[in-house]
Number of protein chains: 2
Amino acid sequence: MHSVSEENYIKTIYHLQDGDALVSTNEIAGRMNTKASSVTDMLKKLAEKQLAEYVPYKGSRLTSAGLDCAMQIIRKHRLWEVFLVEKLNFSWDEVHEVAEQLEHIQSRKLIDQLDQLLDHPKYDPHGDPIPDAQGNYEQPKHTQLSQLKPQDSGVLAGVLDTSTRFLQYLDKHQIELGTQITIVDHEEFDGSFIIKTAQKSLPISKTVADQLYLKLNS
Amino acid sequence: MHSVSEENYIKTIYHLQDGDALVSTNEIAGRMNTKASSVTDMLKKLAEKQLAEYVPYKGSRLTSAGLDCAMQIIRKHRLWEVFLVEKLNFSWDEVHEVAEQLEHIQSRKLIDQLDQLLDHPKYDPHGDPIPDAQGNYEQPKHTQLSQLKPQDSGVLAGVLDTSTRFLQYLDKHQIELGTQITIVDHEEFDGSFIIKTAQKSLPISKTVADQLYLKLNS
DNA sequence: TTAAATTTTTAGACTCGCCTAAATTTTAAT
DNA sequence: ATTAAAATTTAGGCGAGTCTAAAAATTTAA
Ligand SMILES: [Mn+2]
Ligand SMILES: [Mn+2]
Ligand SMILES: [Mn+2]
Ligand SMILES: [Mn+2]
């Protein structure tokens, strides 16, 4: 159907896309560690294949066919991540690289059965929602920790940054999905917070607070 | 490490190799549905990379590095096949195409954990032995059904042809790995047999008899 | 043993995905 | 409104992997 390279571009455009704004060539190149000229080449091909609209010098956006394709890839990526964590003892910071490969395996039955084996999970190990076979999913409306005030509390339901570095930082401080977190204090001058979990109190920078999404308590 | 294409060539050479005889360019091309000229190109590259010896106009054979590589790919292929059958409800005639893709996923941890999840299986769904992490395996010495005489019996332990067509033929006649089979009769003039299972008696051609490997009783 | 048939390699070309360098367009700043 | 800076595209090229057609080597058959 589509090449691995095409699929990676489609997924990247999807992730960079915000509403119906065009995604710039440079943004794609930056995210994919390629050169802008390579991106231009691929955008022409995706436009040719009706997977993306491409307006020279302005940017690109996925067509509905491209969006469908993106959802299938993301569904596969996230299901494989769940599989790796639930069945193969991977930690949440190890799954990305492998899922990046597995998401390109072509087999409808494979992914349907995997979904079943895992009991139709709704979220991946980083709290991201898993689209169903039709490509539909509901974006849970979680609250960025950095938006909260002292006394607010909730459980960690998602992380924005899924890099190994960041996830291992959370591991080090015994913070994982489902961890109950209460805001203790907020420093206005640098935006940092002091948070409390069942285990301990912890000061975190604004940078970290921006990455954490909580499901607020009742 | 090695490209998907290189890996596919290595695997093919392994399967065609018999002792230390050279494998011919045309044999490889035939098996891989490519042209002889493409094979020549790749053989030069594999020789360059020390994965195969290549004697122009004579043929090629894997070096010990190539053999190691082949065993790892085959290990992955067969473990994934077991996974598909045991965990994802694939039938033995559906696994090959998908395993052909999955065998190229690069992750040591993935395959070690998969092996563990499956309880270190010794054989794949077609009765082929699964190499261990070091690439070692013992070729079970099963007997080709076509070598047997009336009264001989055993359980089906392996099939040579793993094509969908052939496996579905066996399914149709309720023959699967582990099925107890007794030779009832052997026709000298065309090499055909009449065999008996718990379910029924069945005449099979020499062609079919050649594909079936039995573990003899007692 | 010579000629014909077969196998294999070489030569040249193509697509895909990527790159660098140069040209062009857009945007931001004076 | 010009000009400088930044973003983007074009032009040309490269490696991997494949193909077709032609040349060369090997095998087989007469
Ligand atoms: Mn990917
Ligand atoms: Mn994820
Ligand atoms: Mn393969
Ligand atoms: Mn098999």
Side-chain angles (χ1 to χ4, degrees), chain A residues 1-18 21-62 66 69-70 73 100-101 103-106, chain B residues 1-14 16-18 21-62 65-66 69-70 73 100-101 103-106:
Chain A
M1 195 60 196
H2 307 123
S3 72
V4 168
S5 204
E6 286 167 350
E7 292 194 345
N8 283 332
Y9 274 96
I10 287 168
K11 198 170 58 132
T12 300
I13 297 171
Y14 174 82
H15 281 126
L16 291 172
Q17 206 165 309
D18 184 23
L22 293 167
V23 178
S24 83
T25 299
N26 257 2
E27 278 180 289
I28 299 170
R31 178 75 78 106
M32 297 189 70
N33 293 108
T34 65
K35 303 297 168 173
S37 55
S38 306
V39 175
T40 301
D41 287 347
M42 182 57 84
L43 290 180
K44 287 176 184 168
K45 193 203 295 193
L46 293 179
E48 184 68 37
K49 287 195 172 189
Q50 314 263 50
L51 292 166
E53 295 170 58
Y54 168 53
V55 187
Y57 291 104
K58 296 304 178 182
S60 62
R61 85 165 65 85
L62 296 178
C69 180
I73 302 164
E100 204 58 45
Q101 299 177 61
E103 69 188 358
H104 304 291
I105 302 292
Q106 306 283 358
Chain B
M1 195 58 199
H2 307 123
S3 73
V4 167
S5 203
E6 286 167 350
E7 291 193 346
N8 284 332
Y9 275 95
I10 287 169
K11 198 169 59 129
T12 300
I13 297 171
Y14 174 82
L16 291 171
Q17 206 166 310
D18 184 24
L22 293 168
V23 178
S24 83
T25 300
N26 258 2
E27 278 179 290
I28 299 171
R31 177 74 79 104
M32 296 189 71
N33 292 109
T34 89
K35 303 297 169 175
S37 56
S38 306
V39 175
T40 301
D41 286 347
M42 182 56 84
L43 290 180
K44 286 176 184 168
K45 193 204 292 194
L46 293 180
E48 183 68 37
K49 287 195 171 189
Q50 315 262 48
L51 292 165
E53 294 170 58
Y54 168 52
V55 187
Y57 293 102
K58 296 304 177 184
S60 62
R61 87 165 62 88
L62 295 178
C69 181
I73 301 165
E100 204 58 44
Q101 299 177 58
E103 70 188 358
H104 304 290
I105 302 290
Q106 306 284 357

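Separating the NZ atom of Lys35(B) from the P atom of dA22(D) is a distance of 15 Å, rounded to the nearest angstrom. If you measure from atom CG of Leu46(B) to atom P of dA16(D), you get 12 Å, rounded to the nearest angstrom. The distance between atom CE of Met32(A) and atom P of dC19(C), rounded to the nearest whole Å, is 10 Å.
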Summarise protein proximity over nucleotides 3-16 of chain C in one line of letters, 5' to 3': B for base, S for sugar-phosphate only, - for none, counting protein heavy atoms closer than 4.0 Å.
----SBBB-----S
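Here CG of Leu51(B) is found 7.0 Å from CD of Glu6(B). Values are rounded to the nearest 0.5 Å. For the atom pair CD (Glu53(B)) and CZ (Arg61(B)), the distance works out to 4.5 Å, reported to the nearest 0.5 Å.
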Could you pull out every donor-acceptor pair under 3.5 Å between side chains of residues 26-33 of chain B and any protein atom, sequence neighbours left out?
{"from": "Glu27(B)", "atom 1": "OE1", "to": "Ser24(B)", "atom 2": "N", "distance (Å)": "3.0"}
{"from": "Glu27(B)", "atom 1": "OE1", "to": "Ser24(B)", "atom 2": "OG", "distance (Å)": "3.4"}

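Listed by chain and residue number, nothing satisfies the salt bridge (Lys or Arg N to Asp or Glu O under 4.0 Å) test with Lys35(A) (two or more places apart in sequence, or in another chain).
Remark: Lys11(B) engages Glu100(B) in a salt bridge, criterion side-chain N to carboxylate O under 4.0 Å.
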